[in-house]
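Values below: all heavy atoms of this structure, side chains included; hydrogens, waters and symmetry mates excluded. Whatever order the structure lists ligands and atoms in, that order sets their numbers, starting from 1.
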Amino acid sequence: MKRDLVTLDGLSAEELRSLLALAARLKQQLAQGQAHPLLAGRTLALVFEKPSLRTRVTFETGMFQLGGHTVYLAPDDIGLGKRESVTDVARALSQWVDVIAARTFAQQTVEELAAEASVPVINALSDLAHPCQIIADLLTIQESRGSLDGVRVTFLGDGNNVVNSWLVAASKLGFDFTLACPAGYEPDAGVLERACAAAAGSITITHDLDQAADGADVLYTDVWTSMGQEEETATRLQAFAPYQLNQSVVDKATDGVIVMHDLPAHRGEEITDEVIDGPASVVMRQAENRMHAQKALLVWLLEASEAGS
Ligand code: CP
Ligand code: NVA
């Protein structure tokens, strides 16, 4: 049976750990100049309803390094769900390509693609989730701190798609996750409930920034206005202003804290220049690791699908 990754729920804790190990191995091999064309002759379709720098380039570059090929389909190219139904796009693409990565507004769209495609489908960001980002971030934390065990991750800002994927990761891997957000901007209620029920570590949602920053090993933030929410920008700027990741927040965390942001950043809003460019920042390492993590994901998904696991 083919495997998909529409949220991190699609991976067991053991699978997530072996994916991270594979990503680290592929990264090391690349650094040593070893090319392994594990996906020679394979094609990846990128179906994107929203803009992207990192996700698109890392999928394309990663697939190239693995000996495969990528076809990028912009919103106006195929008019997903408008020119043609999601079902027909999924079924037609399955005739030609080996794997699909889709960036969508509705989570339902990527789930429908997965349900109707006969090839693996990867969520390359939806309004609900951003699993590829979190796999790369976990790899980055492992590299920076040696392990995920006992790590305390604090996210400041919106309970958005990135946070929802953090919650699932925390529920599987057993590190502590805290979100400090303004009232009304909590994560998806269903995702939060499932994550808390399954949590191997602790999950805390608070409105108290100081409490959240105190003792944090990782301080993470993301834009206050996600793609598709542009009409709410003014309200959000006001609501999130007290949650900016600035030097006074960094000073409240542990010595050796690392600062993370999935990017793109709105400098001067959710994070200051001083912090994103400062010594604690690992944001460019995160961006780099998107490619290694997604190479591992592509290899693993295709192998797992073919093995019928
Ligand atoms: N972090 C991330 O997904 O970046 P892009 O939107 O540029 O792909
Ligand atoms: N939360 C952001 C993430 C961008 C990578 C958004 O959805 O726009």
Side-chain angles (χ1 to χ4, degrees), residues 5-8 23 44-63 70 72-75 100-110 122-141 153 155-169 177 179-182 185-188 191 218 220-233 235-237 239-240 243-245 259-267 269-271 276 281-295 297-298:
L5 188 77
V6 292
T7 72
L8 285 180
L44 162 71
L46 295 177
V47 176
F48 277 34
E49 291 186 321
K50 297 175 178 176
S52 167
L53 172 67
R54 278 145 291 273
T55 309
R56 176 180 176 183
V57 175
T58 53
F59 266 120
E60 292 206 19
T61 312
M63 198 63 186
T70 305
Y72 174 75
L73 298 161
I100 298 168
R103 171 165 283 201
T104 62
F105 287 96
Q107 174 70 13
Q108 200 195 330
T109 306
V110 68
I122 298 169
N123 182 346
L125 180 147
S126 66
D127 290 347
L128 186 78
H130 198 1
C132 295
Q133 180 67 52
I134 301 315
I135 298 170
D137 294 341
L138 294 170
L139 178 65
T140 309
I141 296 174
V153 179
F155 189 109
L156 310 180
D158 192 15
N160 61 15
N161 43 8
V162 174
V163 168
N164 290 333
S165 292
W166 268 117
L167 289 170
V168 184
F177 181 80
L179 167 69
C181 66
Y185 293 95
E186 291 81 7
D188 179 85
V191 173
V218 177
Y220 198 119
T221 192
D222 183 18
V223 289
W224 293 338
T225 302
S226 286
M227 292 180 275
Q229 298 173 331
E230 288 77 7
E231 283 179 7
E232 300 171 27
T233 302
T235 319
R236 285 174 168 269
L237 272 175
F240 287 104
Y243 294 86
Q244 186 187 60
L245 180 42
V259 167
M260 303 183 78
H261 191 309
D262 48 296
L263 302 176
H266 290 171
R267 288 165 173 257
E269 292 182 16
E270 75 274 5
I271 193 163
I276 198 169
S281 173
V282 295
V283 300
M284 284 304 155
R285 176 79 68 84
Q286 285 177 264
E288 179 201 346
N289 282 341
R290 292 292 306 276
M291 185 180 76
H292 307 298
Q294 284 154 211
K295 282 170 74 176
L297 181 59
L298 288 163

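Residue Asp262 places no N or O, backbone or side chain, under 3.5 Å from any N or O of ligand 2. At under 3.5 Å, a nitrogen or oxygen of Ser226, whether backbone or side chain, sits near a nitrogen or oxygen of ligand 2.
Under the 3.5 Å distance criterion, the side-chain polar atoms of Gln244 are matched with a main-chain donor or acceptor of Glu269. When atom types are taken as modelled, the side chain of Arg54 and the backbone of Ala287 share no donor-acceptor pair closer than 3.5 angstrom. Between the side chain of Asn289 and the backbone N or O of His292, no donor-acceptor pair lies under 3.5 Å. Although no hydrogens or angles enter the test, the distance criterion places no donor-acceptor pair under 3.5 Å between the side chain of Ser126 and the main chain of Thr104. Between the side chain of Ser165 and the backbone N or O of Val162 there is no donor-acceptor pair closer than 3.5 Å.
In this structure, Trp166 and Tyr220 have perpendicular ring planes: the angle between them is above 60°, well past the 30° mark.
Residues meeting the salt bridge (Lys or Arg N to Asp or Glu O under 4.0 Å) test with Asp188, sequence neighbours left out: none.
The cationic atom of Arg56 (NZ for Lys, CZ for Arg) lies less than 6.0 Å from the six-membered ring centre of Tyr72 and within 45° of the ring axis.
Listed by chain and number, Ser52, Leu53, Arg54, Thr55, Arg103, His130, Gln133, Asp262, Leu263, Arg290 each place a non-hydrogen atom less than 4.0 angstrom from ligand 1.
Among Val162, Asn161, Asn160, the residue whose heavy atom lies nearest to atom 7 (O) of ligand 2 is Asn161.
Surrounding CD of Glu231 are at most 12 heavy atoms belonging to other residues, nucleotides or ligands under 6.0 Å away.
Of all protein heavy atoms, the one lying nearest to atom 8 (O) of ligand 2 is Met227 N, 2.8 Å.
Atoms of ligand 2 found under 4.0 Å from any heavy atom of Leu263 (numbered from 1 in listed order, with element): 5 (C). Each of the following atoms of ligand 2 lies closer than 4.0 Å to a heavy atom of Leu125: 3 (C), 4 (C), 5 (C), 7 (O).
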